[in-house]
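Just so you know, these numbers come straight off a predicted model, no measurement behind them. Position 1 is the first residue of the sequence; numbering continues from there.
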Amino acid sequence: MDINNQNNIQDLPKSYWLASTPTTEYPPLQEDIEVDIAIIGGGLAGISCAYLLEKEKFKIAILESDRICQGTTAHTTAKITSQHGLIYNKIKTKMGIELARQYAEINERAINKIKGIIEENNIQCDFISQPAFVFTQDEKYVKKIEDEVKTASELGIKASFIDEIPFPIPIKAAIRFDDQAQFHPRKYVLALTEILHNKGVSIYEKTRAVNIEEDDKYIIITEKGNRVKAKRVIIASQYPFYNKRGMYFARLFPIRSYIVGIKAKEEYPGGMYINAETPTRSLRCQNTKDGELILVVGSNHTTGQEENTDKHYDELIDFANNTFTVEDIPYKWSTQDYITLDGMPYIGHFTADTPNMYVATGFQQWGMTNSVASAMIIRDLIVEGKSKWQEVYNPSRKNIIASAKNFLVENLNVAAYLLSGKLSPLPDDIDIKPGEGKVLKLEGERIGAYKTEEGTLHLVNTTCPHMGCELNWNSAEKSWDCPCHGSRFTYEGEIIEGPAVKPLRAGNNVNTLEKLIKDDF
């Protein structure tokens, strides 16, 4: 069977996690309210924070711009693992053994925390214990894997060196972590959300926070003008929509990864796998009512900086065909993650001088354990005043200066896209085929155009309302993507994700310099 010619792989991307669970229907905020803690973001991080803090009897409100758990958590590979690539020897070398120990300990504890919550509440979410592997086909990574096994073992992780994996992939070396796990992320998060709702936590969907004002308490302003007054605020919206003081726009950059869900003739041998080198290739399996669904993952790139995004699905299909006898590809989707300057997430106080504002972001594609780790740390900071794991994740950590090279590289990259988008030549014609998107010149202005299969033409302003970068068309997702900070919009101009809080509208012109001067981003 020529699997590339199947009609279903040409459909718009669809996440299995979303397809196999119901949509939530919590109401939007329609009045001004006051709470002890306001949590912005209804994914795994925000819901986990609410779950731990509700036990301390705080009055809590969760504000979600879309629907609960429809963002990154609903598009993950859902590996619950402390194995985040070859990370521990890197932390030990660059930051010291104590910070490596903090990172290892809390991520291992996060696995057990998820397991404990599932058992405590009898949550049916396909939780299965699995070993996790990092393998390499490149000789230069063998020593790195050996060093990682040694360091991870020193830190108390059950790590071992192996020289083969149960796939037709010739490898040079691999590391195995035992006592890891996987689950269905939406089944888990939606169950927790229902528990919170039944315990009196206020949950508001379709409620986008657009600004925060400071008085004797924080005042969160929503898109519709409602105000939420809170003593404490937790920003768990993947990318901080609020950047004053924090300058997070200069400390994070977005990447997209791709997933194809395949049906194979072979039985999956168990375990979760990822390679050490690039391009990234990752594997895990999910049991479904229709049998095994094997998730083939990877083909990363910086958001908004690829013209032909469909090719990334093709690359994963090629890898799948070389590894399995592929019989069907019922699902494909992509996801977005944010990378930090030094490879460590930012979890803790938003800045050093905001004692009652907290942030959880930059999970580096390892959001399952880091989301729960963020909830554990922020709970401790609020309740105890400190956390034993806060130093390695501290958003204001001093050693981040050592990552100045990455800072310069990424921000020069952003500047290049900002300028090239404004200055690049545009076609004068408007010949667009059905299903195609283009940037055009119309009456001297840059316009984004997309024609539906039915022939309807949709025109948008291609300037990102976040900081003024020019958007690029994403052919695989049928979206307009920002190459600077990862905001994404539908072909009609509505926000999909990212730091932008305004849709694409003709009047939403952006003066980038003015935004920087006024600290308005």
Check for a donor-acceptor pair, side chain of Thr309 on one end and backbone N or O of Asn474 on the other, with a separation under 3.5 Å.
no

Is a donor on one side and an acceptor on the other found under 3.5 Å between the side chain of Gln102 and the backbone of Leu99?
no

Take atom CD in Glu391; do more than 12 heavy atoms of anything else shown fall under 6.0 Å from it?
no

How many angstroms lie between atom CG of Leu252 and atom CG of Leu341, to the nearest 0.5 angstrom?
7.5 Å

Expected output: side-chain Ser371 to main-chain Gly367 donor-acceptor under 3.5 Å
yes

Side chains of Gln365 and Ser257: donor-acceptor distance under 3.5 Å anywhere?
yes

State which residues pass side-chain contact (heavy atoms from CB on, under 4.5 Å) with Leu86; sequence neighbours excluded, sorted by chain then number.
Val134, Tyr141, Lys144, Ile145, Glu148, Ile175, Ala276

Heavy-atom neighbours of Lys150 NZ exceed 12 at 6.0 Å:
no

Using a 4.5 Å cut-off on heavy atoms from C-beta on, say whether the side chain of Phe127 contacts that of Ile80.
yes

Taking atom types as modelled and ignoring hydrogens, do the side chains of Ser282 and Lys79 form a donor-acceptor contact shorter than 3.5 angstrom?
yes

Quick one: salt bridge (charged side-chain N to carboxylate O under 4.0 Å, His left out) pairs with a partner in residues 486-499, sequence neighbours left out?
Arg256-Glu497, Asp481-Arg488, Arg488-Glu497, Glu494-Arg505

Do Arg176 and Phe161 meet the cation-pi criteria used here (NZ or CZ under 6.0 Å from the six-membered ring centre, within 45° of the axis)?
no

Atom of Pro254, atom of Tyr338 and distance for their closest heavy-atom approach
CB-CE2, 3.4 Å

Flag side-chain contact, heavy atom, 4.5 Å: Met368 against Thr81:
no

Quick one: CD on Glu164 to CD1 on Ile171, what's the gap to the nearest 0.5 Å?
7.5 Å

Indicate yes or no: at least one non-hydrogen side-chain atom of Ile447 is less than 4.5 angstrom from one of Thr462.
no

Answer yes or no: does atom NZ of Lys187 have more than 12 heavy-atom neighbours from other residues, nucleotides or ligands under 6.0 Å?
yes

Residue set satisfying side-chain contact (heavy atoms from CB on, under 4.5 Å) with Arg101, at least two apart, ordered chain then number -> Ile97, Glu98, Leu155

Ring-face cation contact, Tyr491 with Lys478, 6.0 Å cut, 45° max
no

Using the ring of each side chain (for Trp, its six-membered ring), is Phe167 parallel, tilted or perpendicular to Tyr273, with breaks at 30° and 60°?
perpendicular

Is the ring pair His184/Trp17 parallel, tilted or perpendicular, if the boundaries are 30 and 60 degrees?
perpendicular

Any donor-acceptor pair under 3.5 Å from Thr361 side chain to Gln238 backbone:
yes

I want to check something: taking the side chain as every heavy atom from C-beta on, are Glu277 and Gln137 in contact at a cut-off of under 4.5 Å?
yes

Going through the checks in order, is the salt bridge (charged side-chain N to carboxylate O under 4.0 Å, His left out) test met by Asp342 and Lys94?
CA-CA 9 Å; Asp342 61 359; Lys94 293 187 175 182; over 6 Å; no

May I ask you to test the Gln70-Arg186 pair for a side-chain heavy-atom distance under 4.5 Å?
yes

Side chains of Ile123 and Leu192 in contact at under 4.5 Å (non-hydrogen atoms)
yes

Can you tell if the side chain of Tyr242 reaches within under 4.5 Å of the side chain of Ser237, non-hydrogen atoms only?
no

List the steps and the verdict of ring-ring contact (aromatic ring centres under 6.0 Å, His included) for His84 and Phe363.
CA-CA 10 Å; His84 300 168; Phe363 293 158; 9.9 Å; no

Ignoring hydrogens, what is the shortest heavy-atom contact between Gly493 and Phe489? Give both atom names and the distance.
O-CD2, 3.7 Å

Judged by atom type as modelled, is there a donor-acceptor pair below 3.5 Å linking the side chain of Gln336 to the main-chain atoms of Thr72?
no

Does Tyr248 form a ring-ring contact (aromatic ring centres under 6.0 Å, His included) with Tyr239? I'd like the steps, not just the answer.
CA-CA 8 Å; Tyr248 284 93; Tyr239 188 110; 8.1 Å; no

Determine, stepwise, if the pair Phe177 / Ser82 fulfils side chain to side chain contact (heavy atoms under 4.5 Å, CB included).
CA-CA 8 Å; Phe177 278 22; Ser82 60; 3.8 Å; yes

So His312 and His301, would you call those rings parallel, tilted or perpendicular, with 30° and 60° as cut-offs?
parallel

When Thr325 is tested against each of Glu266, Lys263, Lys265 for side-chain hydrogen bond (donor to acceptor under 3.5 Å, both in side chains), which residue passes?
Glu266

Which residue is it: Ile91, Asn89, Ile87? I am looking for the one with a side chain to side chain contact (heavy atoms under 4.5 Å, CB included) to Thr151.
Asn89

Quick check: does any side chain N or O of Thr136 sit under 3.5 Å from a backbone N or O of Lys172, one acting as donor and the other as acceptor?
no

Compare all side-chain heavy atoms of Leu471 with those of Leu504 and state whether any distance is below 4.5 angstrom.
yes

Could you walk me through whether Gln180 and Gln130 satisfy the side chain to side chain contact (heavy atoms under 4.5 Å, CB included) test, starting with their C-alpha distance in whole Å, then the side-chain angles of each, then the deciding distance to 0.1 Å, before giving a yes or no?
CA-CA 5 Å; Gln180 311 295 291; Gln130 293 276 16; 5.5 Å; no

